[in-house]
Amino acid sequence: MTIQWFPGHMTKARRQIEEKLKLIDVVIELLDARIPMSSRNPMIDEILAGKRRLVVLNKVDLADPVVTEAWVRFFAEQKGLMALPVDSSSGRNVQMILPRCKELLQDKIEAQLRKGINPRAIRALIVGIPNVGKSTLINRLAGRNIAATGDRPGVTKGQQWIKVGKEMELLDTPGILWPKFEDQIVGLRLAATGAIKEEILHVEDVAFFALKQLIVDYRPALEERYGLSCGNVDLDNPHEIVEIMEAIGRKRGCLISGGAVDLEKASLVILRDLRSGKLGAVSLERP
């Protein structure tokens with residue numbers, strides 16, 4: 001399966017971001033804490049052209065905390081970027097975003113104060129792929145429902161400036177995916193976490209990928225959730241992975257005439273449990 005998704009409004013979004021950059025003090029790059037590198041647009045470094053940047057690892061409540069700590073170290077040591085884990089839905093650590101942005105801009109703020117200039121509100125650009133939680137984060141920061149939200153990618157279509165108190169103004173942008181995933185594993189990770197619309201996917205392929213990852217890294221949680229034992233499964237034998245998928249389908253009543261398992265329905269059960277946290281705190285990518 002080749003996963004590609006690049007709606008026209010995303011091409012427009014890239015052009016709009018490039019046009020607005022001259023107005024921006026700092027960029028808030030929003031990533032999915034469960035798949036930080038896979039949810040990081042490879043074009044973003046080129047687009048942002050050296051702008052100061054805060055990496056925000058969102059949906060951290062759904063991610064493995066030990067793996068998230070490793071990612072924070074990775075971004076600091078390997079990329080020279082400050083990374084802050086947050087959860088925009090619960091509000092966890094959201095209040096730390098403004099202080100971290102101030103820290104990144106400390107030299108500019110101090111230079112303005114030395115000249116007797118009262119620093120204006122920080123202008124921040126929020127960028128991220130679809131369904132990574134930009135609108136939910138903006139509403140948290142603003143303290144009101146001002147940005148459209150949804151559990152499906154592609155909700156935000158335009159740009160708007162949003163005030164966060166007196167010290168920050170945010171520019172929201174539509175999510176930007178890239179034209180083609182050179183590494184199909186990246187596409188599968190994005191699909192498993194819900195960044196790509198389900199209508200264009202083979203959900204069985206995505207669930208197969210996710211299930212294999214769960215068996216490797218989170219087997220106890222998987223077995224407890226579905227009341228089954230994976231036994232000595234051979235991960236190199238796809239038939240054995242499918243047998244576990246079928247067992248989950250039977251447990252969840254995903255049956256068709258004759259008692260056969262509806263693999264599409266079973267796949268959706270696995271993916272929705274994964275995305276909602278019902279399989280526990282799961283990270284699908286490690287540094």
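- In this structure, the side chain of K22 engages the main chain of E19 through a donor-acceptor pair within 3.5 Å.
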**OP:** Mind running side chain to side chain contact (heavy atoms under 4.5 Å, CB included) on I97 and I28 for me, showing each step along the way?
**Re:** CA-CA 9 Å; I97 290 176; I28 298 170; 3.8 Å; yes

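- The existence of a salt bridge linking R92 and D61 is confirmed by a sub-4.0 Å separation between a basic side-chain nitrogen and an acidic carboxylate oxygen.
- By the 4.5 Å heavy-atom criterion applied to side chains, I44 and E29 are counted as neighbours.
- Using modelled atom types, one finds no donor on one side chain facing an acceptor on the other under 3.5 Å when comparing S267 with E204.
- Looking only at side-chain heavy atoms (C-beta outward), I122 and L98 come within less than 4.5 Å of each other.
- With hydrogens and angles ignored, the 3.5 Å screen pairs a side-chain donor or acceptor of N131 with a backbone N or O of G194.
- With respect to D262 and R252, no salt bridge is recorded, no charged nitrogen being found less than 4.0 Å from a carboxylate O.
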**OP:** Begin from the C-alpha positions of R225 and D273 and carry the test salt bridge (charged side-chain N to carboxylate O under 4.0 Å, His left out) through to its verdict.
**Re:** CA-CA 9 Å; R225 173 68 183 165; D273 282 356; 3.2 Å; yes

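- Using a 4.0 Å cut-off between charged side-chain N and carboxylate O, D217 and K212 make no salt bridge.
- Contact of the I129 side chain with the L190 side chain is registered, since non-hydrogen atoms from C-beta on lie closer than 4.5 Å.
- With respect to the salt-bridge test (charged N to carboxylate O, under 4.0 angstrom), the residues E167 and K102 qualify.
- The backbone N or O of L104 lies less than 3.5 Å from a partner atom in the side chain of R52, making a donor-acceptor pair.
- Side-chain contact check for F74 versus L81: every heavy-atom pair is 4.5 Å or farther apart.
- You'll find the side chain of F209 stays beyond 4.5 Å of the side chain of I241, heavy atoms only.
- Of all non-hydrogen atoms in M245 and A207, the two that sit nearest each other are CE-C, 4.0 Å.
- The closest donor-acceptor contact from the side chain of N58 to the backbone of S88 lies under 3.5 Å.
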Subject >> Worked verdict on L263 versus V203 for side chain to side chain contact (heavy atoms under 4.5 Å, CB included) >> reply: CA-CA 9 Å; L263 277 180; V203 291; over 6 Å; no

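- Here the side chain of E223 pairs a donor or acceptor atom with the backbone of C230 at under 3.5 angstrom.
- Side-chain contact between M96 and V86 is absent, with no heavy atoms from C-beta onward closer than 4.5 Å.
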**OP:** Verify side chain to side chain contact (heavy atoms under 4.5 Å, CB included) between L57 and W71, making sure each step is shown before the conclusion.
**Re:** CA-CA 9 Å; L57 301 173; W71 278 114; 4.3 Å; yes

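- Residue-environment remark: CD (Q95) exceeds the threshold of 12 foreign heavy atoms within 6.0 Å.
- Remark: the backbone N or O of D234 is paired with a side-chain donor or acceptor of E240 at under 3.5 angstrom.
- When each of R120, K108, R53 is paired with D25, the salt bridge (charged side-chain N to carboxylate O under 4.0 Å, His left out) condition holds for R120 and for no other.
- Listed for the K51 side chain is a donor-acceptor partner under 3.5 Å among the backbone atoms of I24.
- Under the 3.5 Å distance criterion, the side-chain polar atoms of K251 are matched with a main-chain donor or acceptor of G227.
- A pairwise comparison of heavy atoms in S276 and R272 identifies OG-O, 2.8 Å as the closest pair.
- Proximity of V206 to L271: side-chain heavy atoms (C-beta onward) are separated by under 4.5 Å at one or more points.
- The shortest distance between side-chain heavy atoms of L222 and L211 falls below 4.5 Å.
- Without hydrogens or angle criteria, R100 side chain to M82 main chain gives no donor-acceptor distance under 3.5 Å.
- Here the CG-CG distance, from L274 to L284, works out to 5.5 Å after rounding to the nearest 0.5 Å.
- Side chains of T136 and N139: no donor on one and acceptor on the other come within 3.5 Å.
- Within the 3.5 Å criterion, the main-chain N or O of P36 finds a donor-acceptor partner in the side chain of S39.
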**OP:** Evaluate the side chain to side chain contact (heavy atoms under 4.5 Å, CB included) criterion for residues V282 and D64: first the C-alpha distance (whole Å), next the side-chain angles of each, then the deciding distance (0.1 Å), finally the verdict.
**Re:** CA-CA 5 Å; V282 169; D64 185 327; over 6 Å; no

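- Contact record, V26 with C101: CG1-SG, 4.0 Å, taken as the closest heavy-atom pair.
- The pair D45-R40 meets the salt-bridge criterion, with a side-chain N (NZ, NE, NH1 or NH2) lying under 4.0 Å from an Asp/Glu carboxylate O.
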**OP:** Check the pair E285 / R34 against salt bridge (charged side-chain N to carboxylate O under 4.0 Å, His left out), numbers first and verdict last.
**Re:** CA-CA 7 Å; E285 185 175 40; R34 299 166 294 178; over 6 Å; no

